[in-house]
Every structure is written in structure tokens, then in C-alpha cells.
Q: 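Structure incoming, see below.
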Amino acid sequence: MITIIDYGLGNLGSIKNMITKLGFEAEISSSKKVIEKSKKIILPGVGSFDTGMSHLIEYDLVDILNHKARAERIPILGICLGAQLMTNSSEEGCLSGLGWFEAETVKFDLSSIEGKWHLPNIGWRDVNICKDVDIFEGLGSNSRFYFVHSYHMSTLDSSIIAMRSTYGREFICALAKDNLYCVQFHPEKSHKFGLSLFKRFAEL
């Protein structure tokens, strides 16, 4: 069973629909009892960093998520805001993140780029796979995903950078380490590419 964490933010139904379309079981829940039994977790999210962390704290989910990530080491996939919450902090807010990746979330700096670059970055973007990661196997060199964001992940640890994309300048759009994965784009809005990613995650 894949548990999609409900903390009041995110495209939960769209994610569940894609996973069930692939023939796998998925459940949307904020129950700690359900999460305790989870074999895989998806942490989605849309909105601001501090709002996301505040909701996780309000729903009393931080400790159980840390246990599943660090003690049980089950596969966990963060999506968009969920991905950013897996970093240490964000320029968007003042709260600490979950800190599962030695990374920060920063705002796009497009001030020195010629031309008109508007935020948020909305639309389909090509991605460049930077390292071998099991859930990205089979995507191919022509993979494209759908983005909606003004902030992105940044890290000095090149070993955890899984994907990059470009909007005005190159930016990190996915991190991976051991049982943890996070993507800035929306696989649930990315058609066949999103289906492939969810399929590989479900098969782990």
C-alpha cells in the first residue's frame, strides 16, 4: 500500500488516480495508524513552505514521517512543495524543514538573465537525468515534466542531485538518496512521463 499524505495541501486525488490506473493500491490519509503500516509514502504539496511545515506540525505528522524515513527507511517520494519540505530550510519562510536532504530551497534569481522571465515557472520543461536512480529508469533522454514553482532546491552535495532542468538558468529539479526521492515537478500532471515515474516508485 502506498500512502499519500494528506496534510491539507496538494493534488491528492490526481496522484491516487494515476497510481490506481497503474494497478497499484493507494490511500490518502493523515492517520498516524495508517502511516505506521505504510510500505511507501508520497508527500505531495502545493503552497508556501511555512504553511506546509505548519500543517505537518498541526497534523502531528513530523515524528512519524521522520521514523518512516530514517528508522524504517521505506521509500518516500516528495512532490513540489513536498520535495521542498524534505530540505533543511527555505528562503520563502523561517521554519525548519524535515532536513532529509542536505539542501535548501531558494527563489529563482533571474535578474541577470536577458529577456523576460516570469515567476512562477509554469509549463513543460525538459529534464536532464544526472545520476542513476531506480525510479527514473526508462524515462529516456526526451523526458519532459510539468512545473509550477517560484522556488527550487539547491545543494552543495552533488552526489544527491538526480535531475536538472532549465528556466532562464539551470536549476536542480530532483534529489535522491537511499530510500528518499524528491521532485520539483508534478508527475501527476505529466502524462506518460509521470506514469512511468509512479510505476517505478510503486514497484520498488
Side-chain angles (χ1 to χ4, degrees), residues 1-21 25-38 40-70 74-101 103-108 119-123 125 135 145-154 165 171-176 180-190 194 197-198 201-202:
M1 173 67 71
I2 299 172
T3 301
I4 303 164
I5 302 298
D6 178 6
Y7 60 110
L9 303 168
N11 300 314
L12 310 182
S14 298
I15 296 170
K16 181 179 179 180
N17 289 341
M18 288 194 82
I19 293 171
T20 55
K21 180 179 180 179
E25 292 187 0
E27 180 176 4
I28 297 170
S29 182
S30 59
S31 166
K32 287 193 286 186
K33 289 184 177 179
V34 171
I35 297 170
E36 285 173 356
K37 299 177 181 178
S38 300
K40 297 183 183 72
I41 285 174
I42 295 177
L43 181 64
V46 174
S48 68
F49 190 91
D50 276 8
T51 298
M53 280 307 304
S54 295
H55 280 217
L56 287 181
I57 294 167
E58 179 184 343
Y59 282 53
D60 193 24
L61 296 177
V62 174
D63 287 345
I64 184 63
L65 289 175
N66 278 328
H67 179 77
K68 301 298 283 190
R70 291 173 164 162
I74 68 166
I76 300 181
L77 171 64
I79 296 173
C80 196
L81 175 61
Q84 296 176 1
L85 296 178
M86 294 167 76
T87 68
N88 291 321
S89 62
S90 174
E91 291 181 347
E92 188 179 20
C94 60
L95 294 179
S96 297
L98 294 168
W100 296 346
F101 289 99
E104 287 72 41
T105 299
V106 299
K107 190 172 185 178
F108 270 108
L119 292 177
N121 167 27
I122 302 176
R125 307 286 177 240
I135 69 169
F145 288 91
Y146 189 80
F147 289 81
V148 183
H149 64 123
S150 297
Y151 292 77
H152 63 87
M153 297 166 289
S154 177
S165 188
F171 66 94
I172 297 166
C173 64
L175 301 174
L180 304 173
Y181 313 85
C182 65
V183 295
Q184 182 59 64
F185 48 79
H186 287 276
E188 76 278 10
K189 297 182 179 181
S190 300
L197 190 153
F198 280 135
F201 179 74

Q: Roughly how far apart are S31 OG and K37 NZ, rounded to 0.5 Å?
A: 8.5 Å
Q: Between E91 and F49, is any pair of side-chain heavy atoms under 4.5 Å apart?
A: no
Q: Which atom pair, heavy atoms only, marks the closest approach of I4 to A26?
A: CD1-CB, 4.1 Å
Q: For the pair E27 (side chain) and T3 (backbone), establish whether a donor and an acceptor sit closer than 3.5 Å, ignoring hydrogens and angles.
A: no
Q: Could you measure the distance from the CD1 atom of I5 to the OH atom of Y7? Nearest 0.5 Å is fine.
A: 9.5 Å
Q: To the nearest 0.5 Å, what is the distance between CD on E92 and CG on D50?
A: 7.5 Å
Q: Could you go through the side chain to side chain contact (heavy atoms under 4.5 Å, CB included) check for F145 and V183 one step at a time?
A: CA-CA 10 Å; F145 288 91; V183 295; over 6 Å; no
Q: Could you report the tightest heavy-atom contact between R70 and G99, atom names first, then the distance?
A: NH2-O, 3.0 Å
Q: How long is the straight-line distance from OG of S30 back to CD of E58, given to the nearest 0.5 Å?
A: 10.5 Å
Q: Return all side-chain donor-acceptor pairs below 3.5 angstrom for residues 74-88, not counting sequence neighbours, or 'none' if the list is empty.
A:
| unit_1 | atom_1 | unit_2 | atom_2 | d |
| --- | --- | --- | --- | --- |
| Q84 | NE2 | Y151 | O | 3.2 |
| Q84 | NE2 | Q184 | OE1 | 3.0 |
| T87 | OG1 | Q84 | O | 2.6 |
| T87 | OG1 | S89 | O | 3.3 |
| T87 | OG1 | T105 | OG1 | 3.0 |
| N88 | ND2 | E102 | OE1 | 3.3 |
| N88 | ND2 | E104 | OE2 | 3.4 |

Q: Ring centroid separation for H152 and F147, is it under 6.0 angstrom?
A: no
Q: Is there a side chain to side chain contact (heavy atoms under 4.5 Å, CB included) between N121 and S150? Walk through the geometry before answering.
A: CA-CA 6 Å; N121 167 27; S150 297; over 6 Å; no
Q: Report yes if the side chains of S54 and L95 come closer than 4.5 Å at any heavy-atom pair, otherwise no.
A: yes
Q: Which atom pair, heavy atoms only, marks the closest approach of F101 to C182?
A: CE1-SG, 3.7 Å
Q: Counting C-beta onward and ignoring hydrogens, is there a side-chain heavy-atom pair between P120 and H149 closer than 4.5 Å?
A: no
Q: Could you tell me which residues satisfy salt bridge (Lys or Arg N to Asp or Glu O under 4.0 Å) with K189, sequence neighbours excluded, listed by chain and number?
A: none
Q: Walk me through whether V46 and L9 qualify under side chain to side chain contact (heavy atoms under 4.5 Å, CB included).
A: CA-CA 6 Å; V46 174; L9 303 168; 5.5 Å; no
Q: Under a 3.5 Å distance rule, please check whether Y181 uses its side chain to pair with a backbone N or O of F201 as donor and acceptor.
A: no
Q: Does CD belonging to E25 count more than 12 external heavy atoms closer than 6.0 Å?
A: no
Q: Would you check if the side chain of S190 reaches a backbone N or O of H186 as a donor-acceptor pair within less than 3.5 Å?
A: yes
Q: Quick check: closest heavy atoms across F198 and P187, and the distance to 0.1 Å?
A: CZ-CG, 3.7 Å
Q: Mind listing the closest non-hydrogen atom pair of A103 and L175 along with its distance?
A: CB-CD1, 3.9 Å
Q: Quick check, are the ring centers of F171 and F108 under 6.0 angstrom apart?
A: yes
Q: For the residue pair D6 and L61, what are the closest heavy atoms and their distance?
A: O-CD1, 4.4 Å
Q: For the NZ atom of K107 and the OG atom of S90, what is their distance to the nearest 0.5 Å?
A: 10.5 Å
Q: Name each donor-acceptor pair under 3.5 Å that joins a side chain in residues 12-20 to protein atoms two or more places apart or in another chain, with its distance.
A:
| unit_1 | atom_1 | unit_2 | atom_2 | d |
| --- | --- | --- | --- | --- |
| N17 | ND2 | G13 | O | 3.2 |
| T20 | OG1 | K16 | O | 3.0 |
| T20 | OG1 | N17 | O | 3.1 |

